[in-house]
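This report refers to the structure that appears directly beneath it.
Since this is a predicted model, take the numbers as computed values, not measurements. By convention in this document, chain letters (A, B, ...) are assigned in the order of the sequence lines, proteins followed by strands, and residues within each chain are numbered from 1.
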2 protein chains.
Amino acid sequence: MDSIVAAGLEILAAEGADAVTMRAVAGKLGTGAASLYAHVRDKGELHALLLDAVIGEVDVPEADPARWREQIKQFCWGQYRAMVRHPGIAAVSLAHIPTGPNALRCSEGMLAILTAGGLSKLVAGLAVDLLTQYTTAVAYEDTLWWVRAEDGNDPFASEGSVVAQAKAYFAGLPPAEYPMITSMVEELTTGDGDARFQFGLDMIVAGLDNLRDWRLPG
Amino acid sequence: MDSIVAAGLEILAAEGADAVTMRAVAGKLGTGAASLYAHVRDKGELHALLLDAVIGEVDVPEADPARWREQIKQFCWGQYRAMVRHPGIAAVSLAHIPTGPNALRCSEGMLAILTAGGLSKLVAGLAVDLLTQYTTAVAYEDTLWWVRAEDGNDPFASEGSVVAQAKAYFAGLPPAEYPMITSMVEELTTGDGDARFQFGLDMIVAGLDNLRDWRLPG
DNA sequence: ACCTGAACACCGTTCAAGT
DNA sequence: ACCTGAACACCGTTCAAGT
């Protein structure tokens, strides 16, 4: 059952989330797909196990009230890097909403950091969801590039050329119809995944700072 | 080719994104799956067409510099509601990163509103990605509940009982291991999808207000 | 208890053949 | 140009049969 997770992670890294099929995992273990059902209820549970294994690699810092902004950013960077280390897992996370033991440990740690920082319980809870979702979504977008570069037939496909392609696409649009986009080509295509992730983190933390006592409408 | 989109949207609404197969769409049209390939390159293009059709329902307000905060929130609410009206489309959007003509029109309008509000071009561009991603992710989470309620065998499954289930789950955790979560059960499970979406919007706009001249690191 | 092969009911996509 | 049936190479899952 542990070797099942290991085999799944190998396939995930090599061929992406869609390639983690019952048959492929069983094949890597030298057996048939039906054998897996003795250890795992279905494909969804297998994916959930992979997800929680990856989340287990993320460090959660002890809450230090004076440094909550750095700490929450540091944690999210750890989660982001763990997902980038396992390309494809972000897709699994988006499809599942993680609830395994390691995910709980992360939520617990994030709540400790955020409430130590003076956020209300309600805002801390909402922030945990929002930060997790944001981190996952950016990691997912990064791996979309990876998959596309992988199975495209252009041997020069790489992160650089994807940006170049986007730049050419925006620049080629009719300026009359798209005055904003065509006048902002440079700004729209600058910055790699890491820089863009940093922007979102800075922005979310700034937003939390301003809404630490936000209340439900009505 | 227009009827293909209509058939796809019908299946999407009735059975979710996974049910929009070539065979199902062709079946609804009284033909075979192979016939669709005369009008559409592959399943991905079909999904992209559905996505752009839904995005076409979203209104984009004329930029009014004094009201950029309300305007951008209003736009995102429109996009959110359009996706909730077509359960399942959010999953398609997450998998594709929309680039159709209607998506371009939306990006153009958002950039106009945000730059009118005084955000730098760089921040406006990053904000468009972030807001679109946030809106899609929340709509997607909403429809996850919907799907689960749909195919669960519990006839009482509904939004209310999902929350009740989560509440019971959190309350049942060992307090020694999860002191934060168990002491915040009420706050963690309060607020429906709409209220949570509003929180994120308020937070993102507050964050943008504080980072309107953010620059790339280094 | 665990594993297996074979089968069932599905997929997306291709392709030769028709009109 | 458009449509079709049949086929290919896959899926997840079940189940009777083995050890």
Side-chain angles (χ1 to χ4, degrees), chain A residues 1-53 87-89 91-97 144 147-148 150-154, chain B residues 1-53 88-89 91-97 144 147-148 150-153:
Chain A
M1 39 204 98
D2 230 24
S3 59
I4 293 177
V5 171
L9 286 176
E10 256 185 80
I11 296 171
L12 188 73
E15 305 177 64
D18 288 345
V20 183
T21 65
M22 293 287 128
R23 285 169 141 95
V25 172
K28 180 142 278 188
L29 262 37
T31 177
S35 305
L36 297 182
Y37 288 85
H39 306 95
V40 142
R41 189 177 30 232
D42 58 15
K43 193 191 171 187
E45 186 172 306
L46 199 169
H47 280 180
L49 287 175
L50 298 188
L51 178 56
D52 208 60
I89 200 69
V92 175
S93 183
L94 280 176
H96 274 84
I97 302 186
L144 269 193
V147 169
R148 214 175 291 174
E150 199 78 358
D151 61 28
N153 32 12
D154 179 2
Chain B
M1 37 204 98
D2 231 24
S3 59
I4 293 178
V5 171
L9 287 175
E10 254 184 82
I11 295 171
L12 190 73
E15 305 177 63
D18 288 345
V20 183
T21 65
M22 292 288 128
R23 285 169 141 95
V25 172
K28 180 141 279 186
L29 262 38
T31 177
S35 304
L36 296 182
Y37 288 83
H39 306 95
V40 143
R41 188 177 32 233
D42 57 15
K43 192 191 170 186
E45 185 171 308
L46 198 168
H47 280 179
L49 286 175
L50 297 188
L51 178 55
D52 209 59
I89 200 69
V92 175
S93 183
L94 281 176
H96 274 84
I97 303 186
L144 269 191
V147 169
R148 215 175 290 175
E150 200 77 358
D151 61 29
N153 32 12

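In this structure, the side-chain contact (heavy atoms from CB on, under 4.5 Å) partners of V5(A), at least two apart in sequence or on a different chain, are L9(A), L49(A), L50(A), A53(A). In terms of the side-chain hydrogen bond (donor to acceptor under 3.5 Å, both in side chains) criterion, T21(A) has no residue partners (sequence neighbours excluded). With sequence neighbours excluded, the residues that form a side-chain contact (heavy atoms from CB on, under 4.5 Å) with A19(A) are I11(A), E15(A).
Between G88(A) and A17(A), the shortest heavy-atom contact is O-CB, 3.5 Å.
Looking at residues 21-28 of chain A, you'll see R23(A) sit with a heavy atom under 4.0 Å from some atom of DNA chain C. Residues from residues 31-46 of chain A lying near DNA chain C, meaning a heavy-atom separation below 4.0 Å, are T31(A), A34(A), S35(A), H39(A) in numerical order.
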- line: The dot-bracket string of DNA chain D, counting Watson-Crick and G-U wobble pairs with both distances under 3.5 Å, using [ ] for crossing pairs and | for pairs to another strand, is ||.|||||...|||||.||
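With rounding to the nearest 0.5 angstrom, the CG atom of D2(A) is 11.0 Å from the NE2 atom of H39(A). Here CD1 of I97(B) is found 11.0 Å from CG of L51(B). Values are rounded to the nearest 0.5 Å.
Applying the salt bridge (Lys or Arg N to Asp or Glu O under 4.0 Å) definition to pairs two or more places apart or across chains, those involving residues 29-47 of chain B are R41(B)-E45(B).
As a whole-Å value, the separation of D18(A) CG from dC10(D) C1' is 13 Å. The interatomic distance linking H47(B) (NE2) with dC11(C) (C1') rounds to 12 Å, in whole Å.
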Within the sub-3.5 Å range, which N or O atoms of nucleotides 16-18 of chain D have a protein N or O partner, and how far apart are they?
none

Ignoring hydrogens and angles, write down the donor-acceptor pairs under 3.5 Å from the side chains of residues 22-37 of chain A, residues two or more places apart or on other chains.
residue: K28(A); atom: NZ; partner: E10(A); partner atom: OE1; Å: 3.4
residue: T31(A); atom: OG1; partner: S35(A); partner atom: OG; Å: 2.9
residue: S35(A); atom: OG; partner: G32(A); partner atom: O; Å: 3.4

